[in-house]
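The structure appears right after this line, and notes come after that.
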Amino acid sequence: MPGGRLTHEDRRQIASWLADGLGYAEIARRLGRPTSTISREVARNSAPGGYLADRAQQAAGQRARRRRPAQAAEPPAGGRPAEAVRGFVEQFAALLVGVGLPRMPARVFVCLLTSGSGSLTSAELVRRLQVSPASVSKAIGYLEEMELVRRTQESGRRERYVIDDDVWLRAFKADTGAHAEVAAAARRGIEIFGAGSPAGARLGRMAGFFAWISEQMNGSGLTDAAVRDALTVLAALVHAARPLSVDELATALGWPVQRAAGALDTIGRREALADPLTVERAGHGTFAVTPRPDRLSAAQRAALAAGPRRDEEARS
């Protein structure tokens with residue numbers, strides 16, 4: 001977080017890395033700070049015993065109190081001690097960093113999340129997190145792209161940043177869509193490399209995995225009737241043991257054509273319904289069932305195909 005103040009944890013890291021023999025540039029890189037920030041910090045707070053994090057934090061606090069005019073203390077969130085709130089924000093933000101969110105957006109997000117109204121202005125975020133306005137602005141931009149935060153306009157052109165009550169649902173749906181896209185891309189790769197190739201087999205496993213995640217996260221979203229129709233069409237294709245058109249399926253099942261087409265569409269969108277089979281277009285508007293390519297390796301398919309011949313050779 002360039003421009004922001006060093007935290008107590010930052011100073012502990014600096015002391016540890018200095019003891020390990022790291023240079024200022026490497027420490028700065030790890031903390032995401034300018035090298036000059038680290039060199040000034042060490043020069044200002046070193047003593048005959050070396051650089052000590054607790055002593056450096058205490059000295060920084062004393063300097064800040066001398067610089068800053070007294071101001072009314074901000075009421076703690078929910079009546080809880082301010083120190084406990086700040087500690088929770090930092091710890092929770094660190095967890096979000098561990099799952100891929102950059103550090104500054106994580107801190108801003110948790111700060112908004114734990115505010116009483118679920119919204120704060122830039123000035124309030126700067127004051128609570130003790131960072132620069134530029135750091136807050138950059139973090140808000142990142143969170144907006146992920147649809148985790150939105151901004152509203154107040155009087156006097158002041159902006160307020162808001163976390164909506166349905167933020168998790170929107171983020172959840174975005175992740176689900178991304179997983180489905182990965183599965184679809186992997187299936188396209190199988191068509192290019194061939195299901196029997198090593199690359200095709202790996203892509204098949206990947207497609208199955210991400211399709212399963214998408215299914216689990218998104219829920220089926222299907223009625224019992226739609227699921228029954230899809231399974232009935234699957235059973236019809238297996239029983240026929242040949243490709244069938246939508247019209248042929250509808251006639252054989254005694255359904256309207258739209259119902260048969262809807263069942264095929266359901267299977268196409270919810271591939272887990274057909275597992276371990278898959279329904280494919282067989283040409284000329286017909287559909288057929290085949291085993292999913294990712295369920296058996298090339299060696300397993302070859303062994304199964306050669307099975308009867310081996311039995312005959314063994315008997316002879």
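Along the sequence shown, residues are numbered consecutively beginning with 1.
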Quiz item: According to the salt bridge (charged side-chain N to carboxylate O under 4.0 Å, His left out) rule, which pairs have a member within residues 19-28, sequence neighbours left out?
Solution: E26-R29, E26-R30

Self-check item: Partners meeting side-chain contact (heavy atoms from CB on, under 4.5 Å) with E90 (sequence neighbours left out)
Solution: R107

Quiz prompt | Check against side-chain contact (heavy atoms from CB on, under 4.5 Å), T290 and L277 | solution = CA-CA 6 Å; T290 60; L277 303 174; over 6 Å; no

Self-check item: Residues in side-chain contact (heavy atoms from CB on, under 4.5 Å) contact with L18, at least two apart in sequence or another chain
Solution: I14, Y24, I27, V42, Y51

Quiz item: Looking only at atom types and distance, does a side-chain atom of T251 sit under 3.5 Å from a main-chain N or O of E248, one as donor and one as acceptor?
Solution: no

Quiz prompt | Side-chain donor-acceptor contact under 3.5 Å, Q58 with D54 | solution = no

Quiz item: Can S132 and S135 be said to form a side-chain hydrogen bond (donor to acceptor under 3.5 Å, both in side chains), step by step?
Solution: CA-CA 5 Å; S132 69; S135 297; 2.9 Å; yes

Quiz prompt | Summary of salt bridge (charged side-chain N to carboxylate O under 4.0 Å, His left out) pairs that have at least one residue in residues 275-288, sequence neighbours excluded | solution = D275-R292, D275-R295

Self-check item: Closest non-hydrogen atom pair between T266 and A226, with its separation
Solution: CG2-O, 4.4 Å

Quiz item: Which atom names give the shortest non-hydrogen contact between A106 and L101, and what distance separates them?
Solution: CA-CD2, 3.5 Å

Quiz item: Is any NZ, NE, NH1 or NH2 atom of the basic residue among E144 and R151 found under 4.0 Å from an Asp or Glu carboxylate oxygen of the other?
Solution: yes

Quiz item: Would you say V279 and L264 make side-chain contact, with heavy atoms under 4.5 Å?
Solution: yes

Quiz item: Any donor and acceptor pair, going by atom type alone, linking the side chain of R11 with main-chain N or O of L6 inside 3.5 Å?
Solution: yes

Quiz item: Does one hydrophobic cluster hold both L120 and V162, with members joined at side-chain heavy-atom distances below 4.5 Å?
Solution: no

Exercise. Taking side-chain contact (heavy atoms from CB on, under 4.5 Å) as the test, write out the residues that go with A282, two or more places apart.
Key: P243, T286, A288

Quiz item: With a 4.5 Å limit on heavy-atom distance, are the side chains of R40 and S36 in contact?
Solution: yes

Sequence neighbours excluded and cut-off under 3.5 Å, please list the side-chain donor-acceptor pairs for residues 227-237, or say none.
from : atom 1 : to   : atom 2 : distance (Å)
D229 : OD1    : R259 : NE     : 3.4
D229 : OD1    : R259 : NH2    : 2.9
D229 : OD2    : R259 : NE     : 3.0
T232 : OG1    : R228 : O      : 2.8

Quiz item: Who are the side chain to side chain donor-acceptor pair (under 3.5 Å) partners of S122, not counting sequence neighbours?
Solution: none

Quiz item: Under a 4.0 Å N-O cut-off, is there an ion pair linking R33 with D10?
Solution: yes

For residues 194-210, dump all side-chain donor-acceptor pairs below 3.5 Å to protein atoms at least two apart in sequence or in another chain.
from : atom 1 : to   : atom 2 : distance (Å)
S197 : OG     : F193 : O      : 3.0
S197 : OG     : G194 : O      : 2.8
S197 : OG     : G200 : N      : 2.9

Practice problem: Treating Ile, Leu, Val, Met, Phe, Trp and Tyr as nodes and any side-chain heavy-atom pair under 4.5 angstrom as an edge, say whether F92 and F109 lie in one connected cluster. | Solution: yes

Quiz item: Can you list the steps and then say if R127 with L125 is a side-chain contact (heavy atoms from CB on, under 4.5 Å)?
Solution: CA-CA 5 Å; R127 186 166 63 251; L125 284 166; over 6 Å; no

Quiz item: Taking 4.0 angstrom as the limit, do R188 and E191 come out as a salt bridge?
Solution: no

Quiz prompt | Set of residues satisfying salt bridge (charged side-chain N to carboxylate O under 4.0 Å, His left out) with respect to D247, sequence neighbours excluded | solution = none

Self-check item: Contacts of Y142 that satisfy ring pair (Phe, Tyr, Trp, His ring centres under 6.0 Å) - sequence neighbours left out
Solution: none

Exercise. Only counting residues at least two apart or in another chain, list the ones meeting side-chain contact (heavy atoms from CB on, under 4.5 Å) with A123.
Key: T121

Quiz item: V136 versus K138: any side-chain heavy-atom pair under 4.5 Å?
Solution: no

Exercise. Before giving the answer on side-chain contact (heavy atoms from CB on, under 4.5 Å), spell out for Q153 and E159 the whole-Å C-alpha distance, their side-chain angles and the decisive distance to 0.1 Å.
Key: CA-CA 5 Å; Q153 198 80 32; E159 289 183 335; 3.9 Å; yes

